[in-house]
Amino acid sequence: MNCYICKASTDHYFRKQFDRFGLGSVNYRRCKACGTVYAETLLQLPEERWREVSEAYHNSYRGSGENPDDPNWRVRLNQQAEILLKLAENGLLKTDRPWLDYGCGEGELASMLEERIERISCYDRYWKCDGYLQESELIPGHYSLLISTSTMEHLRSRSNMDAINGLISEDGSLALHTLVRGEIPCDPAWFYLLPVHTIFYTNRGMAQLFTQWGFRSSIYAVDARLWIWYRKPLITAVKQWPELLSLPGLHATEGFMAYWP
Ligand SMILES: [Zn+2]
């Protein structure tokens with residue numbers, strides 16, 4: 001297979017045995033150029049089989065209010081809501097068009113935001129609740145902010161990736177929470193290799209995707225583990241609130257903010 005991001009060829013990286021959900025041995029490949037790692041076996045599962053695995057995995061903890069694979073989840077969600085509201089109140093996130101929580105799960109983040117953000121929609125391909133948008137109701141180029149927390153690592157094709165960016169308005173932003181590292185460890189015991197994680201991003205890969213998608217500058221909020229991507233240069237994006245650049249725990253740069261080594 002070739003890299004979804006930079007199109008370079010991939011090498012075999014390692015295999016990992018999964019005892020849950022009937023997965024068995026999963027093969028991982030790594031891009032020769034940008035280092036992005038792909039769970040090839042999971043990418044090749046037929047869509048129906050993948051849906052079964054995704055639903056079985058998420059049903060194993062949803063409703064409990066906890067995720068054993070992500071114990072800090074609720075604290076982080078509060079921090080994400082806080083930073084998004086702060087940015088919106090200071091004019092650094094637009095609210096003239098609706099926000100969309102894409103891959104919202106049970107919709108916890110959206111419900112924290114909806115008291116102060118007038119229009120926020122929820123969508124999840126593998127989790128349906130009353131009031132959620134159907135896939136056919138998503139409007140390309142419509143949303144001022146697309147929130148993607150813990151979704152990018154579940155995607156299975158380049159077109160899945162591009163569909164996310166395609167929903168954001170011309171001057172809109174992306175709020176992104178996923179794991180991005182300098183290198184993905186060659187270690188079958190690495191904590192992030194979950195049965196539902198398909199793509200493992202590197203700073204080099206993410207920086208290319210960022211440019212391919214037409215973004216120019218970014219902020220990273222360390223506590224919330226959240227990136228905000230802007231389509232404008234930083235100086236324009238933050239002119240309403242230049243003090244942002246000196247706030248503790250917030251990092252801003254032209255291009256993709258490669259925070260993690
Ligand atoms: Zn690549």
Side-chain angles (χ1 to χ4, degrees), residues 1-16 18 23 25-47 50 53-54 102-103 125 140 146-168 172-220 225-231 233-234 251-261:
M1 68 171 290
N2 285 65
C3 179
Y4 291 171
I5 297 173
C6 77
K7 298 195 170 85
S9 57
T10 56
D11 286 327
H12 173 76
Y13 205 32
F14 57 82
R15 296 190 77 91
K16 178 181 173 73
F18 284 96
L23 282 176
S25 176
V26 170
N27 186 39
Y28 293 83
R29 296 186 71 84
R30 177 177 178 274
C31 173
K32 282 179 176 168
C34 76
T36 303
V37 170
Y38 298 88
E40 184 185 40
T41 311
L42 303 180
L43 297 174
Q44 290 173 341
L45 287 180
E47 177 61 21
W50 174 246
V53 173
S54 291
Y102 185 100
R125 194 167 197 183
L146 188 143
I147 301 168
S148 163
T149 63
S150 308
T151 38
M152 290 282 284
E153 66 273 28
H154 300 270
L155 302 178
R156 296 211 304 151
S157 67
R158 176 67 199 219
S159 61
N160 282 171
M161 295 161 104
D162 289 340
I164 291 180
N165 185 43
L167 293 168
I168 304 170
S173 291
L174 173 68
L176 175 67
H177 167 76
T178 190
L179 187 142
V180 185
R181 292 195 40 176
E183 293 295 343
I184 302 306
C186 186
D187 175 10
W190 186 41
F191 80 101
Y192 204 58
L193 301 175
L194 298 181
V196 288
H197 285 181
T198 49
I199 307 179
F200 305 88
Y201 298 90
T202 63
N203 289 321
R204 306 190 300 292
M206 215 38 131
Q208 288 183 63
L209 189 64
F210 177 95
T211 304
Q212 290 166 7
W213 281 1
F215 290 97
R216 298 284 299 277
S217 61
S218 57
I219 290 174
Y220 186 63
R225 302 284 193 271
L226 193 70
W227 280 272
I228 313 292
W229 292 8
Y230 291 100
R231 298 211 193 268
L234 197 61
H251 300 264
T253 184
E254 303 297 346
F256 172 68
M257 177 70 233
Y259 181 78
W260 297 100

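Just so you know, ligand 1 is whichever comes first in the structure, and atom 1 is the first atom listed for that ligand.
- A ring-centre distance under 6.0 Å is found for F256 and W227.
- Around the Zn ion (ligand 1), protein N, O or S atoms at less than 2.8 Å number 4.
- Rounded to the nearest 0.5 angstrom, S25 OG and F18 CZ are separated by 9.5 Å.
- A search for side chain to side chain contact (heavy atoms under 4.5 Å, CB included) contacts involving K7 returns nothing, not counting sequence neighbours.
- Using bins of under 30°, 30° to 60° and over 60° for the plane-to-plane angle, the ring pair Y259/H251 lands in the tilted bin.
- Between E183 and R30 there is a salt bridge, since a side-chain N of the basic residue sits under 4.0 Å from a carboxylate O of the acidic one.
- The distance between the ring centers of Y13 and Y38 does not fall below 6.0 angstrom.
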